[in-house]
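The structure under discussion appears below in the form of structure tokens.
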Amino acid sequence: MRHIRIIICFTFLCFYTNVFAQLSRNELPVSFDSKLKLIGITKNVTPVVTMPKLDMARIEAEDKEDVEYDIPPRFGYSHKVNYDLNNSGTWYELSNGDKLWQLNVVCPNALSVNFCYDKFWIPEGGKFFVYSKDKKQSIGAFTSRNNKGGKENIRGFATGLVYGNDVILEYYQPKEVTTDAIISIEFIVHGYRYIDLGQKGLGDAASCMVNINCEEGQNWQDEKIAVAMILVNGNRYCTGSLINTTDLSQVPYFLTADHCLGGWANEDIKYDAVTLPNIDHYSFYWNYEAPGCANTTVEPSHNVTNGATIVANNSYSDFALLRLSEDPQYLSNYTPYYLGWDHSGDSGDPGVCIHHPKGDVKKISTVDGLPISSGWNGTNYGSHWSVGWKSTLNGHGMTQGGSSGSPLLNAAHRVIGQLHGSNCQDCTNLNGRSSYGKFDVSWTGNSNNSIQRRLNCWLES
């Protein structure tokens with residue numbers, strides 16, 4: 001299968017600045033100033049790199065196999081490369097003493113190009129841009145705010161799609177910045193077909209699902225803001241939510257499911273708070289919802305952050321607590337909301353689940369009756385809530401693949417668990433039930449002594 005046969009780095013599908021915003025300065029590249037005079041100061045490097053043409057017969061055969069395994073379709077092929085500020089591109093000096101680095105990348109016949117970096121660290125004051133050679137599309141500036149680690153512990157990054165086959169990367173360093181940036185490109189993704197978010201995810205949820213902005217969601221408009229869709233390696237994978245601490249410190253903690261840290265989207269690698277905590281290849285889509293009750297065929301505007309560190313996870317109640325690398329409070333046109341929670345072990349009166357089934361726009365499902373204490377697949381009795389769903393004015397919500405990790409909220413608007421799984425995958429099984437790892441069990445990690453296996457050490461001040 002494709003996810004075993006080829007490495008796909010995390011990507012931002014359909015990167016239009018008017019469709020969604022990656023965390024950046026949203027400004028034009030420095031070189032767009034027509035008054036600048038660039039003087040080349042490096043030699044014996046390749047200013048232009050050209051990727052090999054794709055073997056489309058082989059790629060089409062792989063894509064056909066992906067369809068058979070119900071794997072979300074890829075839009076591009078990842079070329080493994082090793083380009084950085086020292087071994088490629090050209091450095092220029094500006095008349096005022098500032099410096100500029102540029103690398104021109106050509107992917108023959110590509111519809112889009114985007115980049116994944118194994119090392120990405122920018123000093124304070126530096127700016128990084130990616131744009132089409134014709135200057136019709138640009139993204140950036142990416143700055144020190146986008147660093148995922150320190151200079152001694154550099155981590156990766158990814159920039160979104162630029163449409164066309166001829167793209168320029170540009171790094172600007174003011175003369176007063178004496179520390180060099182470290183930018184290393186690991187993959188160049190050659191987009192060979194247009195495959196926007198709408199082609200896989202938008203409209204894929206069961207037809208009986210209820211959009212969050214229907215009447216059923218009117219009393220949950222604050223809580224919906226906390227919920228985001230998780231993309232892993234460019235695949236719509238799970239759901240999760242911002243969650244509060246007792247001191248209301250607004251630390252960007254994000255609750256989801258432990259099983260969302262592994263599986264096919266992760267190349268069957270299991271990430272873990274103790275052994276493999278950095279998940280720079282995760283991205284989080286905020287405000288991804290239909291504007292009204294009706295389903296939309298137009299990709300909704302939304303915001304994006306990427307990268308996280310796993311601070312705690314435990315398979316017993318299937319929880320994972322992440323600390324987001326990019327704090328969503330710095331996004332434009334988005335004000336975070338942090339969910340409250342209840343670790344008493346009492347479910348409270350029935351509430352709702354807010355989620356992204358099948359990677360679709362945000363939905364709301366209404367709980368039918370009190371949650372029932374249960375286990376998971378006949379084990380760990382008392383670790384989960386079993387929940388049924390009821391018909392409402394605009395449909396019959398439930399959960400599906402992609403809903404995993406979404407919060408179960410009681411009538412007091414408090415989180416009491418996160419989704420593990422269900423047996424109600426379509427509208428033909430309206431009596432199916434969903435299982436949620438209990439928040440109170442996760443609170444102590446089922447009496448686990450490790451702070452990396454329990455919630456209370458992170459959420460309680």
Side-chain angles (χ1 to χ4, degrees), residues 7-12 22-25 29-30 42 45 49 78-91 99-103 105 113-130 139-160 167-174 176-189 231-234 251-252 254 261 266-267 269-284 304-311 322-328 330 452:
I7 298 174
I8 296 290
C9 61
F10 67 107
T11 58
F12 301 97
Q22 191 176 355
L23 189 61
S24 73
R25 293 278 295 271
V30 174
T42 56
V45 294
V49 295
S78 295
H79 297 283
K80 175 75 170 176
V81 298
N82 178 28
Y83 299 124
D84 59 36
L85 299 181
N86 297 315
N87 67 13
S88 59
T90 301
W91 278 100
K99 291 195 298 184
L100 199 74
W101 174 87
Q102 292 180 336
L103 174 64
V105 175
V113 181
N114 69 290
F115 302 89
C116 302
Y117 313 84
D118 58 332
K119 295 179 182 179
F120 190 91
W121 185 85
I122 294 179
E124 195 76 29
K127 297 180 181 181
F128 182 72
F129 305 87
V130 185
I139 53 178
F142 301 103
T143 65
S144 59
R145 190 169 64 172
N146 298 101
N147 296 340
K148 299 297 181 292
K151 189 176 182 181
E152 305 305 320
N153 182 30
I154 300 174
R155 289 162 56 179
F157 190 59
T159 47
V167 175
I168 293 176
L169 298 94
E170 176 176 306
Y171 174 66
Y172 166 71
Q173 182 171 312
E176 62 269 17
V177 176
T178 58
T179 304
D180 293 333
I182 300 173
I183 299 173
S184 173
I185 306 166
E186 184 178 20
F187 293 102
I188 297 174
V189 183
L231 276 77
V232 181
N233 285 329
V251 176
F254 188 85
L261 305 180
N266 281 300
E267 307 289 336
I269 297 170
K270 178 60 167 63
Y271 291 84
D272 180 83
V274 176
T275 61
L276 204 58
N278 295 331
I279 46 175
D280 299 327
H281 59 300
Y282 279 51
S283 53
F284 305 86
V304 180
T305 60
N306 82 77
T309 298
I310 308 161
V311 297
L322 316 180
R323 179 164 181 156
L324 303 179
S325 301
E326 295 182 348
D327 194 328
Y330 297 116
Q452 292 160 313

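- E186 places none of its side-chain heavy atoms less than 4.5 Å from the side chain of K119.
- Ring geometry, Y271 versus H281: the interplanar angle falls from 30° to 60°, so the pair is classed tilted.
- The side-chain heavy atoms of P277 and Q452, taken from C-beta on, include no pair separated by under 4.5 Å.
- With sequence neighbours left out, S88 forms a side-chain contact (heavy atoms from CB on, under 4.5 Å) with Y83, W101, L103.
- The closest side-chain heavy-atom distance from I310 to D272 is not below 4.5 Å.
- In summary, the aromatic rings of F128 and F120 are positioned with their centroids under 6.0 Å apart.
- With sequence neighbours excluded, the residues satisfying side-chain contact (heavy atoms from CB on, under 4.5 Å) with V251 are S249, Y253, R323.
- Judged by distance alone, with hydrogens and angles left aside, the side-chain atoms of D84 form a donor-acceptor pair with the main-chain N or O of N87 at under 3.5 Å.
- No donor-acceptor distance shorter than 3.5 angstrom exists from the side chain of N278 to the backbone of D280, with no hydrogens or angles considered.
- Closest approach of S144 to I122, counting heavy atoms only: CB-O, 3.3 Å.
- Looking only at atom types and distance, the side chain of Y282 has a donor-acceptor partner in the side chain of N266 under 3.5 Å away.
- Taking all atoms of both residues into account, the shortest heavy-atom contact from W121 to K151 is NE1-N, 3.5 Å.
- A cation-pi arrangement, defined by a distance under 6.0 Å to the six-membered ring centre and an angle within 45 degrees of its axis, is absent between K127 and Y171.
- A donor-acceptor contact shorter than 3.5 Å links the side chain of E170 to the backbone of V30.
- Residues L261 and K270 have side chains in contact (heavy-atom distance under 4.5 Å, counting atoms from C-beta outward).
- In this structure, the side-chain contact (heavy atoms from CB on, under 4.5 Å) partners of K99, at least two apart in sequence or on a different chain, are I41, W91, Q173.
- No more than 12 heavy atoms of other residues, nucleotides or ligands sit less than 6.0 Å from atom CD of E124.
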